Amino acid sequence: MSITRIVVPTEVKAGAIVEIKTLIRHEMETGHRRDNFGKPIPRDIIHSFVVTYSGEEIFRAELFPGVAANPYFAFTTIATGTGELVFTWTDDTGRQTVEKRMLKVV
Amino acid sequence: MIGDRRMSAAGSSSGPTRREALAGAVAITLMPRAALADDAADVRAAIQRITGGARLTPGRVKVEMPPLAENGNSVTMTVSVDSPMTASDRVTSIHVVSEKNPIADVVKFHLAPRAGRARVSTSIRLATTQTITAIAAMSDGSFWSGTAEVIVTLAACTEAG
């Protein structure tokens, strides 16, 4: 279970531009490093981050090893109506972390 | 390993003799020439992949990064693009390209028609002092770019220990 932190406003007006901030704990092992015995450390990064809002994709990122450990993203979306935000991170081992938040539009 | 291209000479000197130190210094001054050529080719190839050969115009893209980063392991970056962000005239994706990291591609963002604003933030790794380029792909098929130069005093650590 990965540790994530997501900031979504609790209540927004319809039509407002909402800023969403996300963070997930992950080493983002680049695959360029070697261990103390000179053995290459295999790459393990989160390569994909997808956000949907009421089932529709609103933001997607493709990550490479150049993204810092504990990937952080801030982005915006227009509040169209009360709906569920679903955040999905996928890493090289195939592990998926899924988080959900309600965006309440008044 | 980032050291492959630039820092191997310096990395091997644990308690160097005068001769080794000199050799290292010479290697360091000689290496960037070849490395620069490689890097430029990498960046060109990455940009070619993004634009598909279409014209890339400087402008409309603002890359905000600290001018001086003490630690290359995590440097904050905000990319904003001058765009009305309407359904018919908007930014569809933003690509971040590094000049001197081992891999030119850093991150790609895909924005939805409902994004509202073309502005994204993240944190990236910087192997060394370099220029970061962000390329915005517009819904009309045009490509725009902006850059930020960051001086890195401690490079992103790619060696273990």
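Only heavy atoms go into these numbers, but all of them, side chains included; no hydrogens, no water, no symmetry mates. Reminder, nothing fancy here: chain letters follow the sequence lines and each chain counts from 1. This is a predicted model, so every value here is computed, not measured.
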Measure distances from Arg117(B) to the heavy atoms of chain A and classify the residue's part below 4.5 Å as side chain, backbone, both or neither. both

Heavy-atom cut-off 4.5 Å, strictly under: side chain, backbone, both or neither for Ser123(B) against chain A? both

If you round to the nearest 0.5 Å, how far is [atom2] of [Y] from [atom1] of [X]?
{"X": "Met28(A)", "Y": "Ser74(B)", "atom1": "CE", "atom2": "OG", "answer": "11.0 Å"}
{"X": "Ile103(B)", "Y": "Arg43(A)", "atom1": "CD1", "atom2": "CZ", "answer": "6.5 Å"}
{"X": "Arg60(A)", "Y": "Leu111(B)", "atom1": "CZ", "atom2": "CG", "answer": "10.5 Å"}
{"X": "Tyr72(A)", "Y": "Thr122(B)", "atom1": "OH", "atom2": "OG1", "answer": "8.5 Å"}
{"X": "His110(B)", "Y": "Glu62(A)", "atom1": "NE2", "atom2": "CD", "answer": "4.0 Å"}

Proximal component of Thr80(A), with respect to chain B [non-hydrogen, under 4.5 Å]: side chain

Taking all non-hydrogen atoms of both residues, which atom of Thr76(A) and which atom of Ala115(B) are closest, and how far apart? OG1-O, 2.8 Å

More than 12 heavy atoms of other residues, nucleotides or ligands under 6.0 Å from CD of Glu64(B): is that the case? yes

Best-contacting candidate, Ile58(A), Val67(A), Ile17(A), against chain B by heavy atom pairs under 4.5 angstrom: Val67(A)

State, yes or no, whether a side-chain contact exists between Leu63(A) and Lys108(B) at a heavy-atom distance under 4.5 Å. no

Ring center gap for Phe109(B) and Phe75(A) short of 6.0 angstrom: no

